[in-house]
Amino acid sequence: MTEKEAKKELYSYLHSKKIEERKLEQIEETKTKLENITTVLDGLPKRNSRK
C-alpha cells in the first residue's frame, strides 16, 4: 500500500467515524424526546371508565 492509498483509507475511516458519531447523537436525541413524550403522556389524567 502506498502512502497516498494509506492516507486515502485513513481519511475515509475518519469520515465514516464522524458519520457514525452523528448518527449516535441523533439516536440519543430521539431517545430523549421519546422519553419526554412518554413522561408527558403518563402524567395525563386517566378517564374514568365506570358508568
Side-chain angles (χ1 to χ4, degrees):
M1 179 182 290
T2 67
E3 183 179 343
K4 187 176 182 178
E5 291 171 332
K7 284 182 179 181
K8 186 176 180 180
E9 190 170 323
L10 179 59
Y11 285 123
S12 176
Y13 168 78
L14 292 174
H15 180 70
S16 296
K17 191 74 174 162
K18 284 184 181 183
I19 290 172
E20 178 184 6
E21 289 171 0
R22 279 191 226 126
K23 293 293 181 185
L24 288 172
E25 287 174 6
Q26 289 174 342
I27 290 170
E28 284 302 316
E29 288 174 11
T30 302
K31 182 179 173 186
T32 301
K33 288 177 184 177
L34 289 172
E35 288 172 348
N36 289 340
I37 289 170
T38 302
T39 302
V40 169
L41 291 177
D42 285 344
L44 292 176
K46 304 290 187 230
R47 192 171 87 180
N48 191 350
S49 60
R50 289 183 279 154
K51 290 186 178 184

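Everything numeric in this text was worked out from a predicted model, so none of it was measured.
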Could you walk me through whether Lys17 and Glu21 pass the salt bridge (charged side-chain N to carboxylate O under 4.0 Å, His left out) check? CA-CA 6 Å; Lys17 191 74 174 162; Glu21 289 171 0; 5.2 Å; no
Set out, in order, the CA-CA distance, both residues' side-chain angles and the distance that settles side chain to side chain contact (heavy atoms under 4.5 Å, CB included) for Lys7 and Glu3, then state yes or no. CA-CA 6 Å; Lys7 284 182 179 181; Glu3 183 179 343; 3.4 Å; yes
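To the nearest 0.5 Å, the span separating CD on Glu28 from NZ on Lys31 amounts to 5.5 Å. Arg22 contributes atom CZ, which lies 12.0 Å from atom CG of Leu24 (distance to the nearest 0.5 angstrom). Put simply, CD1 on Ile19 and NZ on Lys23 are 8.0 Å apart, with the number rounded to the nearest 0.5 Å.
Remark: side-chain polar atoms of Ser16 are paired, donor with acceptor, to backbone N or O of Ser12 under 3.5 angstrom.
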